[in-house]
Amino acid sequence: MIILKFGGSSVGNVDRINQVINIIEHHYILKRKRIAIVFSAFQNVTDKLIEVGNLSYDRKPNHKEQFNSLYQDHIDIANGLNPSKNVVVIEKLNLLFTELEEILHGIYLVKELTPRTLDYILSFGERFSNTIISETMNNRGLICEYLDASKLIKTNSDFGNARVDFKITDKKISRFFKRKNKTQIITGFIGSSRSNEITTLGRGGSDYTASIFGAAINAKAIEIWTDVDGILTADPRKVKNSFPLKSVSYEEAMELSHFGAKVIYPPTMLPALQKNIKIVIKNTFRPDFEGTEIVARNLKDPFTIKGISSIDDVSIVRVQGGGMIGVTGIASRLFGVLAKNRINIILISQASSEHSICLAVLPESGKDAKKVIEEEFRLEMIDKKIGEVIVEENLSIIAVVGENMRHTPGISGKVFQSLGKNNINIIAIAQGSSELNISLVINKKDLSKALNVIHKNLLQSKRK
Ligand code: ADP
Ligand code: ASP
Ligand code: MG
């Protein structure tokens with residue numbers, strides 16, 4: 001069995017969906033390959049669902065209009081794909097849209113939009129797209145079944161970013177597939193809590209759905225079909241000359257995506273890694289191109305550095321003071337208080353003098369981080385052992401990633417030199433002890449230039 005996943009970018013309109021169905025038919029069904037297919041919501045639909053939820057909550061006059069346009073978009077796609085035989089699919093869509101309309105009306109009336117309700121609203125994106133595509137495929141004689149993944153993926157109740165309970169989920173999925181022969185069309189992104197409320201797996205989570213299913217049924221491969229040639233050496237929207245990699249390791253893929261390469265959702269690698277299942281990133285618009293494989297050990301690409309990625313907006317929180325030197329437990333209290341307040345740390349850098357610790361967080365968490373840290377260290381601050389916590393904004397992180405860096409001295413030197421020569425100031429540096437990545441914090445205004453000079457000096461030059 002192979003698990004295929006097509007993202008929103010591959011299913012944005014009628015032509016694209018036809019192209020996807022073509023791939024499924026000619027590359028798999030006619031070749032008698034067993035498959036199960038995960039689809040995301042159509043392009044931008046998840047964003048529009050968030051918007052319509054907020055408009056209803058705010059009782060904005062145009063909330064109905066937004067809802068209607070979402071409805072019309074889906075009806076148009078369903079009709080476009082099924083010029084005849086469209087009765088059943090429209091009927092099913094009408095039922096789903098009625099359900100959504102009722103929820104939105106409820107939000108409007110009670111003026112309450114909880115994360116739980118938002119997840120419920122977001123689940124419609126994947127339910128709409130998978131309903132339309134499964135009906136269309138059946139109409140064309142490609143026999144398949146719609147599968148609501150929330151029936152099988154069990155999670156905790158962290159709405160918006162729910163954690164999967166693999167023990168129950170794996171069992172449910174493998175049992176389910178033992179009973180099924182038809183191709184399953186699986187809703188990405190969604191799961192359900194113990195009390196059967198719909199949850200979502202985090203934005204971009206359909207990739208994860210594919211990997212969860214793939215691992216549970218010991219698939220031969222997990223193929224993520226998207227709108228680029230694979231994992232590229234850098235974000236193609238930011239670095240013009242980025243090029244596709246033949247192969248990266250699970251760890252490299254995880255690092256690149258953790259630091260902003262949107263092409264694959266970071267947690268996707270874990271289930272696949274545990275079962276040693278190959279993930280392949282493929283381009284829907286160039287199906288014959290080999291794409292990038294993500295495997296345990298990459299042997300196909302000779303590059304020391306595999307890629308660079310970036311998180312465009314971060315803040316730095318700096319905790320410093322003489323009272324920190326040699327005092328055990330400061331770091332653990334610091335991380336403890338941030339974890340307790342659910343503030344996610346993207347990067348940590350500590351000077352060897354132990355005089356200061358520097359943390360990168362998302363901009364929206366900067367002020368909260370300062371507040372809770374200052375509360376935690378109130379006494380140390382009164383004694384002047386620790387100074388005021390400083391938050392610096394408008395910064396970006398660049399991560400240079402590659403497994404072979406650890407065997408190659410001088411890489412960081414080259415990175416710093418490239419930036420120095422271009423007058424780009426480095427605000428903080430962190431290198432994981434695995435030496436898989438070097439991360440740099442720089443001013444946001446330098447981001448584009450920094451990415452391009454590093455790419456040019458460390459990647460493009462090697463390609464030739
Ligand atoms: P999908 O809708 O298929 O899930 P996404 O938009 O989530 O697609 O991810 C694909 C996009 O990721 C690409 O269009 C590209 O702009 C972006 N991207 C960012 N960094 C990289 C990278 N290093 N390699 C490939 N794509 C990247
Ligand atoms: N539709 C969801 C999102 O936009 C999941 C996904 O596309 O992977 O985040
Ligand atoms: Mg995606």
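In what follows, every heavy atom counts, from backbone to side chain, and hydrogens, waters and symmetry copies are set aside. For this chain, numbers begin at 1 and follow the sequence in order. We count ligands from 1, going down the list as the structure has it; atoms in each ligand are counted the same way.
Near Leu232, the atoms of ligand 1 lying under 4.0 angstrom from a non-hydrogen atom of the residue are 22 (C), 23 (N), 24 (N), 25 (C). Atoms of ligand 1 lying under 4.0 Å from at least one heavy atom of Lys5, given by number and element, are 4 (O). Near Gly8, meaning under 4.0 Å from one of its heavy atoms, ligand 1 places the atoms 2 (O). Interface atoms of ligand 1 facing Gly230, defined by a heavy-atom separation under 4.0 Å, are 24 (N), 25 (C). Which parts of ligand 1 touch Ala234 is read off a 4.0 Å heavy-atom cut-off, strictly below it: atoms 22 (C), 23 (N). Under a 4.0 Å criterion applied to the non-hydrogen atoms of Gly7, ligand 1 contributes the atoms 1 (P), 2 (O), 3 (O), 4 (O). The Glu126 neighbourhood of ligand 2 comprises atoms 1 (N), 2 (C), 5 (C), with distances under 4.0 Å to a heavy atom of that residue. Close approach to Ser40 involves these atoms of ligand 2, each under 4.0 Å from a residue heavy atom: 6 (C), 7 (O), 8 (O). Close contacts between ligand 1 and Thr226 involve ligand atoms 1 (P), 3 (O), 8 (O), 10 (C) [criterion: under 4.0 Å to a heavy atom]. Close approach to Ala261 involves these atoms of ligand 1, each under 4.0 Å from a residue heavy atom: 20 (N), 23 (N).
Using bins of under 30°, 30° to 60° and over 60° for the plane-to-plane angle, the ring pair Phe39/Phe6 lands in the parallel bin. Using the six-membered ring where Trp is involved, His74 and Phe42 have ring planes that are parallel, under 30° apart on the 30 and 60° scheme.
The local environment of CZ in Arg140 is crowded, with over 12 non-hydrogen atoms from other residues, nucleotides or ligands closer than 6.0 Å.
In terms of protein heavy-atom proximity, atom 6 (C) of ligand 2 is nearest to Ser206 OG, 3.4 Å. Looking at atom 12 (O) of ligand 1, its nearest protein heavy atom turns out to be Val263 N, 3.5 Å. When only non-hydrogen protein atoms are considered, atom 5 (P) of ligand 1 lies nearest to Lys262 NZ, 3.8 Å. Nearest protein neighbour of atom 2 (O) of ligand 1, counting heavy atoms only, is Ser9 N, 2.9 Å. In terms of protein heavy atoms, atom 16 (O) of ligand 1 is closest to Arg237 NE, 3.1 Å.
Contacts of Val228 with ligand 1, taken as heavy-atom pairs under 4.0 Å, involve the side chain alone.
For the residue pair Gln72 and Asp76, a side-chain donor N or O sits within less than 3.5 Å of a side-chain acceptor on the partner. Using a 3.5 Å distance cut-off with no hydrogens or angles, the side chains of Ser242 and Thr233 do not pair a donor with an acceptor. Under 3.5 Å, the side chains of Asp119 and Thr200 contain a donor-acceptor pair of N or O atoms. Side-chain atoms of Tyr250 and Gln274 form no donor-acceptor pair, as typed in the model, at a separation below 3.5 Å. Thr304 and Asn404 share no side-chain donor-acceptor pair at under 3.5 Å. Between the side chains of Ser206 and Ser40, a donor-acceptor pair is found at a separation under 3.5 Å. Judged by distance alone, the side chains of Ser448 and Lys238 never bring a donor and an acceptor atom under 3.5 Å apart.
Aromatic ring centres of Phe128 and Phe97: separated by under 6.0 Å.
The N/O atoms of Arg203, backbone and side chain alike, include one that comes under 3.5 Å of an N/O atom in ligand 2. For ligand 2, none of its N or O atoms has an N or O atom of Gly8 under 3.5 Å away.
Remark: of the listed residues Val441, Ile311, Leu359, Ile311 is the sole one forming a side-chain contact (heavy atoms from CB on, under 4.5 Å) with Ile346.
Looking at heavy atoms from C-beta onward, Asn283 lies out of side-chain contact with Thr226 at the 4.5 angstrom threshold.
The option from Ile231, Ile264, Asp227 that lies nearest to atom 13 (C) of ligand 1, judged by heavy atoms, is Asp227.
In this structure, Gly188 does not count as a contact residue of ligand 2, since none of its heavy atoms falls inside 4.0 Å of the ligand. Contact annotation: Gly125 has no heavy atom less than 4.0 Å from any atom of ligand 2. Ligand 1 lies less than 4.0 angstrom from a heavy atom belonging to Pro236.
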